[in-house]
Amino acid sequence: MKYSSLILSSLLAITSIEAASLPVINVTGNAFFNSETGERFYIRGVDYQPGGSSELEDPLADYDVCSRDIPIFKDLGLNTIRVYSVDNSQDHSECMNLLAENDIYLILDVNTPDASISRSDPGCSYNADYLQNIFATMDEFSNYTNTLGYFAGNEVINDEGTLFTAPYVKAVVRDMKKYQSARNQRSIPVGYSAADVASLRLELAEYLNCGNDSEARIDMLGVNDYSWCGDSSFTVSGYKEKVELYADFNIPIFLSEFGCNEVVSSRPFTEIKSIYSTSMSGVFSGGLVYEYSEEGSNYGLVNISSDGTTITKLQDYYNLQSEYNSTSDPSGDGGYSTSYTYSDCPTDWNFTITVPDTPSDAETYFKNGAGEGTGFDADTEQACDDDAYYISTTGVSSTTKTKTSSKSSASSASSALSSGSSASSSYVASSTTSASSSSSAGGAALTSYGLTSLFAMIAAGFFM
Ligand SMILES: *[C@@H]1O[C@H](CO)[C@@H](O)[C@H](O)[C@H]1NC(C)=O
Ligand SMILES: *[C@@H]1O[C@H](CO)[C@@H](O)[C@H](O)[C@H]1NC(C)=O
Ligand SMILES: *[C@@H]1O[C@H](CO)[C@@H](O)[C@H](O)[C@H]1NC(C)=O
Ligand SMILES: *[C@@H]1O[C@H](CO)[C@@H](O)[C@H](O)[C@H]1NC(C)=O
Ligand SMILES: *[C@@H]1O[C@H](CO)[C@@H](O)[C@H](O)[C@H]1NC(C)=O
Ligand SMILES: *[C@@H]1O[C@H](CO)[C@@H](O)[C@H](O)[C@H]1NC(C)=O
């Protein structure tokens, strides 16, 4: 070994020993707390998926990418980011450490497009290979003290017809928590990020948080909510109604996507004043703005140049920064509560609500660990029904994604990458209560299943 590389490797060793670490965020009652200072923790975040849902990219495995963006998160005033998909075969230490150095936590969706619960064939997609993949992701992220929480699923249920997949979501939550305890990992909260379907809001949240088997209950709930449009208000937006709806939940609830882009050309983000006020803090613990980078649907705070080297801050960025800067967290404990208990399970659903057993082939992972992750190559739904009916992704970006995917698939779009579309689908769903019901960017909100099926057919090579 050359002397210079010896020095270099010693330096690297020192760096990794002295890796930054942030105080763990714990859950008490329906709120998050900083485990060192004892202060209440409110998420001030953005959803981070540069490349959008069109290009599968792990921004936390690429130091050039994360080191370009983390200083901007800091400048914006953030303490949390949400990432929708990571490659569990890669190393994430550099980016996780840089986040920690900048006092930023991570909420991580553990699914990838080809390793997730399928809406069309959930029983098949809930298999040992799938669990191996998400457990390997947990192995990769569990040691970082700035991993704030995991989402076991994102918008898997997006209408009445997909509600029957909910027992599988609970099964995944249970298995993740069981894996943490079996592998002696820190109890990082496991949650679910819900699409805003007005008719299901309460009953789905209650189901995910019901039953005396604590392992099969979510530890936190993210709600994707695009109901505050333009310069709205606590009452007009429907926020007030949601505070009342979730008032007696015993777990932290936050907005896992927000930032309606209708009504005005640049978003004023006046909802920040409401979210971090005592009118909401008894029930909500902050939220994440959709989304960091502009990906063609007018939800971006910044433009990233095509060569990836230049970031241009857009007006939305400055508006959000100014709102954050002029809004402090509620004082004291914000009126959180420890006096509630878990929910009752529904009794009137038209399918069995029993949580499925863990596939027997997966039992070995609890004992022996999951082993190496296979990253974005993992494809755990090959044997499942590729019914295109339930694809919910919309617009140009998802078409590109489906085309470039090794497998055309309904199921692949089901959870991990539905985020791009979730903005639109949830917007449609919430329009019954929101101030406006105009269509979402790029007409995405108008996309019907007919159109998405068409995308799937294109992707499947029907017209080639
Ligand atoms: C809170 O966090 C600390 C530090 O990780 C941990 O030791 C403790 O067990 C946690 N408390 C609860 C109630 O989870
Ligand atoms: C996490 O910590 C455990 C216990 O120290 C260690 O065995 C494991 O290799 C670590 N995982 C990673 C991905 O660093
Ligand atoms: C249950 O009923 C709803 C309509 O209320 C329907 O959309 C859904 O498909 C039904 N689910 C099952 C599994 O039958
Ligand atoms: C949990 O609920 C099941 C069924 O409702 C019941 O049989 C069991 O005794 C309960 N366990 C506890 C610890 O309450
Ligand atoms: C951001 O990029 C879009 C094209 O993707 C362009 O139309 C717009 O002018 C850019 N905005 C700024 C401020 O650079
Ligand atoms: C607002 O910005 C000023 C100047 O940069 C800074 O000192 C202050 O801490 C910021 N306040 C908040 C609440 O972020």
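For ligands, and for the atoms within them, numbers begin at 1 and follow the listed sequence. Predicted model only: the values in this text are computed from it and were never measured.
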Short side-chain donor-acceptor distance under 3.5 Å, Asn298 and Arg267 | no

The atoms of ligand 2 lying under 4.0 Å from a heavy atom of Asp139, numbered in the order shown, are 13 (C)

In short, disulfide (SG to SG under 2.5 Å) pairs touching residues 141-217 with sequence neighbours left out are Cys210-Cys345

Step through the shown structure and confirm whether more than 12 heavy atoms of other residues, nucleotides or ligands are within 6.0 Å of CD on Glu372.
-> no

In ligand 3, the atoms that come under 4.0 Å of a heavy atom of Asn350 are 1 (C), 2 (O), 3 (C), 8 (C), 10 (C), 11 (N), 12 (C), 14 (O)

Between Tyr179 and Phe135, does the ring centre distance come in under 6.0 Å? yes

Identify whether the distance between the nearest side-chain nitrogen and carboxylate oxygen of Asp139 and Arg183 falls below 4.0 Å. no

Quiz item: For Asp91, does the CG atom sit with more than 12 other heavy atoms under 6.0 Å from it, leaving out its own atoms?
Solution: yes

### Parallel, tilted or perpendicular: rings of Phe41 and Phe32 (30°, 60°)
perpendicular

Any protein N/O atoms within less than 3.5 Å of an N/O atom in ligand 5? List the atom names and distances, or say none.
{"from": "ligand 5", "atom 1": "2 (O)", "to": "Asn303", "atom 2": "OD1", "distance (Å)": "3.3"}
{"from": "ligand 5", "atom 1": "2 (O)", "to": "Asn303", "atom 2": "ND2", "distance (Å)": "2.2"}
{"from": "ligand 5", "atom 1": "11 (N)", "to": "Asn303", "atom 2": "ND2", "distance (Å)": "2.9"}
{"from": "ligand 5", "atom 1": "14 (O)", "to": "Asn303", "atom 2": "ND2", "distance (Å)": "3.4"}

In ligand 2, the atoms that come under 4.0 Å of a heavy atom of Asn143 are 1 (C), 2 (O), 3 (C), 8 (C), 10 (C), 11 (N), 12 (C), 14 (O)

